[in-house]
Amino acid sequence: MKIKAALAGNPNCGKTTLFNVLTGSNQFVGNWPGVTVEKKEGRVRKNPDITVVDLPGIYSLSPYTLEEVVARNFLVDEKPDVILNIVDGTNLERNLYLTSQLTEMGIPVVVAINMMDIVRRNGDKIDIDMLSIHLGAKVVEISALKETGLDEAIEAVIRAAEKGRRIPQHNFSGEVEHALAHIEEALFHDLPDEEQRWYAVKLFERDKAVIEKLATDKSILAHIEKDITHVEEEFDDDSEAIIINERYNYVAKILSDCYSKKNKNGLTLSDRIDRVVTNRFLALPIFAAVIFLIYYISVSTVGTWVTDWMNDGVFGEGWQLFGRFIPGIPVAVGELLTKINCADWLQSLILDGIVGGVGAVLGFVPQIFVLFLFLAFLEGCGYMSRIAFVLDKLFRKFGLSGKSFIPILVGTGCGVPGIMASRTIESDRDRKMTIITTTFIPCSAKLPVIALIAGALFNEAAWVAPAAYFMGIAAIVVSGLILKKTKLFSGDASPFVMELPAYHMPPLKNVLRSMWERGWSFIKKAGTVILLSTVVLWFLQGFGFENGSFGMVEDLNKSVLATTGSLFAWIFKPLGFGNWQSTVATFTGLIAKENVVSTFGVLFGSAEVSEHGQEIWTALQAIFTPVSAFAFLSFNLLCAPCFAAMGAIRREMNNWKWTAFAIGYQCGFAYCIALIINQFGSFFSGGGSLLGFAAAALVLAGLLFMMLRPASRKEIKK
Amino acid sequence: MTLKDIKVGHKARVLKVNGEGAVRRRIMDMGITKGVEIYVRKVAPLGDPMELFVRGYELSLRKADADMIEVTSL
């Protein structure tokens, strides 16, 4: 018998661990239709007839958050055979609140109480049989981490599926039941008995989504409205609150029968950790230390060692393995191509285009993996939500949420997963704002550009890199202040109602899996978007009109790329880099930011450039002044990110208009800042023009006004 | 009196959850309902949000949202 089981439960209850243990590597990851919430499906390892669908972690089945709507639509529309409800045994009350909603849908439920090892260690007792009777669902004890009780859980799922659908058993108080009976009678008498209940409760709650979906007749709605108001008067509360209260009372009553806690007031280890970590004086220093450590290890030391090895060894000349010299991929591929007498143009396409382009990006993979390893650990152990807790007030000021810090931090590694990390932000408004501002922070691909400019024009001054980060942070703050005052983002402040889960050591398997999934999506991007764009770029810079005919060109200045570049160079004249080389470099930077370095390399006739591009420093000094170079750097750091990140923006916004707005805003903002830097800079260093100075002053005044003006009217009213 | 006025280390009982829509529903879904006892464990280093102990777990809530919850001090 084929069984489709939905895995449902609160966030932080061990759902991911259970799903991974049950399905192993038989997983398919996709998206729920129409939304960006991730959907995972897998077959049970020991019993491939059972397909498990991992629902998003949810606290309730309300119509308000994306995850909850996705979960309940799946349960109502696709009607899985069984719901496997995983419940955190150390946090029964709130977890069973969700259970009380799941058991109402007419779908057989198996309740798996997780973390039983911890429950037992604490000396707490759960009467499983009694609980089972109360809930009207089979209850099993498991530990996803220790992998105990899993066979029993699967067995229970099969049994429940065999028994089939059943009429929900939980009853609300008399008055509510009365109203529910009326609603069922008026509307749902032709639905199967076991499905009536859920719809009736939702109509009682005046759940807009359900009312719309059913397209209920207005006169019937008016009729049941009378019943609802009657109950509301009786309880002196609104129907939504009545239902929630009744559910929690129901859960509390069950627990008084089935659960005894041994140690009521003692501090757990997690409490003691939290006392230090979110302590009033220590919280911020500890936070700074953690971030510094992660950054130092993943970007400055380990990450760089491995990245250098990748760039200079594997994708460079070659490297040593136990004393044997292994040639780098370009060398090896080059030799191979020569040996088989490959045509020159094809050899150039493969070596300069594909291997060079994709290799440059893949070089960052180790760094990104190390960073993701740390982030997965921080998320898994519960510290991420403390970061949000500690920083919320600060970010609130800029119209962002405490959770915005996470995408920005991830964004220092790579903007794509950074933008993807914004998914954890519930409020639509905060999420959009975070997506727009995240890529202002220099990602690891921007580091070579910073190094190039610092080396070529600033004598490798130590202040350039910190200045770039500072500018990124300032851009986020300023944009937050500007955007939150626009009409687009005014309106209701978003809630910040967040669980602070108990600290625990995340299973190594989960951490590695999360690191791998994110890292892999980066590699896939390198294999698709970047591969394609490097080929296109190679074509554009290799071909052009020479001597009246189109073909491969010897002189790069005649290539399509150069022609197009000079066509657009005027745009950047006010910014101080209106030459075609910088224009082309800026364009290729859209493919991947580190391309800026290799493009200059190619344009100045030095085929092989090292990561910092020492070979072309002199050439750069000829086309840039320090001021215009800094303007160039600022523009390239702040303007639209690479194509892959733009793709991520499009995916997360799920809307072309917002994507266009985000990218347009980023470019516009970058232009303004670069203009101010170049015009003020050249004016005060003795050059420049009065007109340019005036224009820059005007732009600056405009930005300041946008930033400091009173909030749009809607927000004042609040 | 609202939850916002409760000092760190003190307890309160919820009388009513004001407000409307998603925020209110969310607060109630997380277990802050009429009659429940809440312990204010701490306030974040920058003065907001608050950390509460309710129904056996830790919940953080901004003061602006805590202001929607009518309580009586215990």
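In what follows, chains carry the letters A, B, and so on, assigned in the order in which the sequence lines appear, proteins first and then strands, with residues in each chain numbered from 1.
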Polar contact flag, side-chain donor to acceptor under 3.5 angstrom, [X]-[Y]:
| X | Y | value |
| --- | --- | --- |
| A:T99 | A:R247 | no |
| A:E499 | A:S385 | no |
| B:S60 | B:E51 | no |

Under 4.5 Å heavy-atom distance to chain B, tell me which part of [X] shows up: side chain, backbone, both or neither.
| X | value |
| --- | --- |
| A:N95 | neither |
| A:E205 | side chain |
| A:F235 | backbone |

query: With respect to chain B, which residue among A:D238, A:N279, A:L391 yields the maximal number of heavy-atom pairs within a distance under 4.5 Å?
result: A:D238
Pick from A:N91, A:N10, A:L98 with the largest number of heavy-atom pairs that fall under 4.5 Å of chain B: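 Between A:N91, A:N10, A:L98, the count favours A:N91.
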- prompt: Aromatic rings A:Y248 and A:Y97: how do their planes relate, parallel, tilted or perpendicular, breaks at 30° and 60°?
  reply: parallel
- line: Ranked by heavy-atom pairs below 4.5 Å to chain A, first place among B:M28, B:M30, B:K63 goes to B:M30
query: Between B:D29, B:L52, B:V36, B:I32, which shows the greatest number of heavy-atom pairs under 4.5 Å with chain A?
result: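 Maximum pair count with chain A is reached by B:D29.
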query: Would you call A:E240-A:R206 a salt bridge at under 4.0 Å N-O?
result: no
- request: Would you mind telling me which of A:D207, A:L203, A:I228 makes a side-chain contact (heavy atoms from CB on, under 4.5 Å) with A:S239?
  value: A:I228
